[in-house]
Amino acid sequence: MSETKPVRTRFGPSPTGPLHIGGARTALFGWLLARHYGGQFILRIEDTDQTRFVEGSVDLVKNGLSWLGLDWDEGPDKGGPYGPYTQSERLDLYQKWAQWLLDNDKAYRAYDTPEELDAINNELRARKLPPGYDGRHRNLSPEQEEAFIAEGRKPVIRFKTPQEGKIVVKDLIRGEVEFDNSTLQDTVLLKSDGFPTYHLAVIIDDHFMEISHVTRSIEWFPSLPLHTHLWQAFGWEMPQYAHLPVLLNPNGKGKLSKRHAGFSEDGKQILVLTKEFEDAGYYAPAVVNFLTNIGWNFGDEREVFDVEEAIERFDITTVNPANSVYPIEKLDWLNGIYIREKMTDDELVTELQKPLEAAGYTVDLDVLKQIVPIVKTRIKTFNDVVDLAGFFFSEDFKPPTPEDVIQKKMDAAQTRDLLLATDEVLATIEPFDHTTLYERMKELVGELGLKNGQVFGAQRVAVTGQTISTPTFETMEILGREETRRRIQLVAKLLE
RNA sequence: GCCCCAUUCGUCUAGUGGCCUAGGACAUGGCCCUCUCAAGGCUAAAACAGGGGUUCGAGUCCCCUAUGGGGCACCA
C-alpha cells in the first residue's frame with residue numbers, strides 16, 4: 001500500500017443510538033487496519049441529520065468502543081490536528097466547498113419542493129425507471145431561479161453527475177467494478193437547511209483529515225461511483241476504499257439490526273448492542289476475537305488469538321466479501337476459552353464479583369478466590385457464576401426440595417440416615433479437605449450399602465441446594481466444616 | 001422495476017487451475033474420563049447452489065439461471 005502517506009482510518013458513527021455489534025465490527029476492522037500499519041484511527045461524529053440526533057448516544061458509542069479496547073487517536077473528545085471531529089461543527093467548510101462546486105459548474109441549485117420530488121419519483125417509477133431525481137433544475141435560467149426564490153423556496157445543491165459513459169471504481173475487497181453513469185443521479189450535497197448530506201461531508205472530511213483508507217459497511221458500496229466522481233470533481237487524491245460485508249441475522253434473513261433483536265428459535269436472546277454483551281457477562285477480548293473471526297481469518301487454522309497477534313497479521317484485502325450469518329454460538333465457546341485459559345484468577349475474581357453482587361449476594365472475596373478454580377471450567381459467561389455458585393454466598397441457605405435430595409431407589413428416611421451418617425463423618429474428619437473427604441465418603445458408600453451416585457448425589461444437593469453444582473468435596477472444603485454441617489443437618493431435618 | 005455485490009458442511013471459514021479421497025472451528029451424535037455439571041481426550045456424521053462452457057485437468061476462470069444481500073431520500 002501507500003509507502004509515503006501514513007495510514008489513517010476512521011469510524012464515523014451517526015449519533016442515533018448505542019453502539020451496535022455490526023458497527024463495532026466495522027470499527028474493529030478499520031482499527032485493525034490502522035494499527036497494523038502503525039497509523040491513526042480517528043473517531044468522527046457524523047451528525048448532519050439534526051432530526052435523528054439522540055441525546056447521549058455519542059457517549060454510548062464511545063463507551064462501546066472503549067470497552068472493546070478500540071482506542072482512537074483523534075476525536076471529538078481528544079482533539080487533534082484536523083478537528084473539529086464533529087460534523088455539525090464543520091458546516092462552514094461544507095458550505096464553502098459546495099459553493100466551490102457551484103462556481104466550477106459541477107453542481108447546481110435545485111428548488112423542487114418535497115411534493116414535487118414525490119411526483120417526480122412516482123413518475124419515474126411508473127416509467128419503470130430508477131426512482132430519484134430527473135435533473136430538471138440542472139439548467140435553470142437566472143430568471144427561473146429568481147422566480148423560485150421569490151416564491152420563498154429554499155434550494156438544495158445537487159451534484160452534476162456525469163450522465164454518460166462508465167466509471168470504474170475500486171474496492172480493496174472486491175476489486176474493480178464498472179458502473180454505468182446513466183444509472184447515477186444528481187444527488188443532493190447540501191440540504192436546504194445548510195447542512196451537508198453524508199456524501200458531501202464524508203468526501204470533504206476524508207480529504208482534510210487525510211484519511212488513507214475508507215472502511216465502511218457494504219451498504220455504501222452503491223454510492224462509490226458517486227463518491228469517486230466527487231473526488232474527481234474536487235481534484236483531490238482519493239483514498240482507498242474497502243467495503244465490509246455485514247452481519248446477517250441468525251436465521252439468515254436480513255441484516256442484523258436493533259430492530260431484529262429478540263429471541264432465536266431455541267429461546268436465547270440475540271444480543272446486538274455492545275452494552276448487551278457486556279451486561280451478559282462476556283469478556284471484551286473474547287468478543288474482539290469473535291468479531292475478528294467473522295469475515296477474516298487468522299490463518300494456520302487458528303481460531304483463538306490475542307488482539308496483538310491479529311494486528312500483526314491483519315490484511316484488509318483478504319476479508320471475505322460475502323456477508324455472514326452472525327455465528328453467535330461460537331462466542332460462548334470462545335468466552336469459555338478466555339475464562340479458563342486466558343484470564344488470571346485475580347481477573348476472574350474482579351469480573352465475577354460484579355454479577356454476583358448484582359444478583360444481591362454479599363461477596364466474600366476470599367471465598368470467591370477459592371471457588372474460581374472450580375467454577376472456571378463450568379461457566380461460559382461471567383453471569384453464569386450466579387446460578388452455578390451463588391449458593392456459596394447466600395447468607396440464609398436456600399434448602400433444596402426433598403425430591404431433589406432423595407436419590408434413585410431411596411426414600412426420605414434412608415436419605416435422612418445417609419445425611420446423618422455424613423454429618424457424623426464431617427464432625428471429626430481431619431484434615432477437612434476435599435481429598436480426605438472424598439476418600440472417606442467412598443468408604444461411607446460401602447458402609448451404608450449404597451451406590452456412589454446415591455450418596456454423593458444426596459450430599460451434593462444437601463450442601464449446595466442444587467442438582468448441578470461445583471464438585472461436592474471441593475465445595476465442602478471451601479464452605480468449611482461448620483457451614484457444611486449446618487446445611488447437612490438442616491436438610492436432614494427437612495426429611496423427617 | 002433498475003443497478004451492484006455475493007454464493008464451500010446447520011453456522012463461521014481454509015482453498016487464488018493439478019498438493020482436494022475438499023482442511024479447521026462451533027454446534028450435534030458416540031466413546032473414554034467422572035460425585036452432578038462442565039472441562040479434557042478420541043471419534044462420527046456433515047459442504048463446493050444448479051446448468052452450460054474454457055482447459056489435458058475446475059471448488060478455483062467465463063456465461064446463464066436460482067437464491068441471498070445491498071442500493072436507487074433534503075438518512076446515515
Side-chain angles (χ1 to χ4, degrees), chain A residues 12-16 46-49 51-52 110 112-114 117 121 124-133 154-158 169 171 173-174 177-180 182-185 187-193 195-199 201-202 216-225 243 245-246 248 250 252-255 290 293-304 320-334 336 340 374-380 384 388 438 441-442 445 452-461 464 466-474:
Chain A
S14 62
T16 55
E46 308 200 337
D47 60 342
T48 55
D49 185 0
T51 62
R52 296 205 311 160
D112 313 84
T113 63
L117 254 16
N121 223 302
L124 290 170
R125 269 181 213 279
R127 286 163 53 195
K128 309 226 182 214
L129 289 169
Y133 186 61
K154 288 250 183 295
V156 297
I157 294 177
R158 285 183 184 270
V169 302
D171 178 82
I173 297 171
R174 272 153 268 270
V177 181
E178 190 178 81
F179 286 83
D180 228 310
S182 63
T183 63
L184 271 27
Q185 313 222 349
T187 312
V188 172
L189 299 179
L190 200 74
K191 305 181 227 178
S192 55
D193 63 1
F195 275 69
T197 59
Y198 171 82
H199 304 104
V202 77
R216 45 154 51 161
S217 160
I218 183 69
E219 64 228 44
W220 290 111
F221 189 70
S223 48
L224 224 207
H243 291 87
V246 294
L248 266 22
K253 294 273 179 221
K255 191 174 91 156
F290 164 71
N293 270 332
I294 309 173
W296 185 75
N297 82 91
F298 189 83
D300 296 345
E301 299 189 335
R302 268 231 281 161
E303 307 270 336
V304 184
N320 187 335
N323 294 337
S324 314
V325 171
Y326 183 50
I328 187 64
E329 68 285 357
K330 264 190 158 176
L331 177 59
D332 279 344
W333 166 73
L334 256 179
R340 78 184 87 96
I374 56 173
V375 300
K376 68 199 273 187
T377 59
R378 281 165 246 264
I379 57 175
K380 300 246 187 270
D384 289 344
L388 208 223
Y438 182 45
M441 292 305 173
K442 274 201 287 199
V445 170
N452 277 2
Q454 293 174 312
V455 174
F456 297 154
Q459 290 174 334
R460 146 170 293 103
V461 179
T464 67
Q466 18 190 90
T467 54
I468 294 173
S469 75
T470 47
T472 306
F473 307 111
E474 275 93 334

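A quick note: this is a predicted structure, and the numbers were derived from the prediction, not measured. In what follows, chains carry the letters A, B, and so on, assigned in the order in which the sequence lines appear, proteins first and then strands, with residues in each chain numbered from 1.
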Watson-Crick or G-U wobble mate for B/U28, both contacts under 3.5 Å: B/A44
Test item: side-chain donor near acceptor, A/Ser469 and A/Arg460, under 3.5 Å: yes
Sugar-phosphate, base or nothing in reach of A/Arg302, heavy atoms under 4.0 Å: nothing
Residue pair A/Arg174, A/Val169: steps toward the side-chain contact (heavy atoms from CB on, under 4.5 Å) verdict: CA-CA 10 Å; A/Arg174 272 153 268 270; A/Val169 302; over 6 Å; no
Residue matched to B/G1 through Watson-Crick or wobble contacts both under 3.5 angstrom: B/C72
Under-4.0 Å side-chain N/O to phosphate OP1/OP2 contact, A/Arg340 with B/A38: no
Residue matched to B/C61 through Watson-Crick or wobble contacts both under 3.5 angstrom: B/G53
Assigned partner base of B/U67, Watson-Crick or wobble definition, under 3.5 Å: B/A6
Footprint string (nucleotides 71-76 of chain B, 5' to 3'): B base within contact, S backbone only, - free, heavy atoms under 4.0 Å: SBSBBB
Rounded distance (Å) that lies between atom P of B/A39 and atom CG of A/Asp384: 12 Å
A/Pro327 vs A/Ile294 side-chain heavy atoms within contact, under 4.5 Å: yes
Sugar-phosphate only, base, or nothing, as touched by A/Gln454 at under 4.0 Å among non-hydrogen atoms: nothing
Rounded distance (Å) that lies between atom P of B/C4 and atom CZ of A/Phe179: 7 Å
Chi angles and distances behind the side-chain contact (heavy atoms from CB on, under 4.5 Å) call for A/Phe290, A/Trp333: CA-CA 10 Å; A/Phe290 164 71; A/Trp333 166 73; over 6 Å; no
Inter-nucleotide C1' distance (B/A47, B/C26), Å rounded: 15 Å
Sugar-phosphate only, base, or nothing, as touched by A/Lys380 at under 4.0 Å among non-hydrogen atoms: sugar-phosphate
Check: A/Glu219/A/Ser217 side-chain N/O donor and acceptor closer than 3.5 Å: yes
Per-nucleotide protein contact string for nucleotides 6-14 of chain B, where B marks a base within reach and S marks sugar-phosphate only (heavy atoms under 4.0 Å, - for neither): SS--BSBSS
Results of side-chain hydrogen bond (donor to acceptor under 3.5 Å, both in side chains) for A/Lys191 - residues two or more places apart only: none
Whole-Å distance separating the CG atom of A/Asp300 from the P atom of B/G23: 18 Å
Sugar-phosphate, base or nothing in reach of A/Phe195, heavy atoms under 4.0 Å: nothing
Rounded distance in Å - CG (A/Asp180) to C1' (B/C3): 9 Å
Interatomic distance where CG belongs to A/Leu124 and P belongs to B/C3 [whole Å]: 15 Å
Atom-pair distance (CZ on A/Phe473; C1' on B/C37), nearest Å: 15 Å
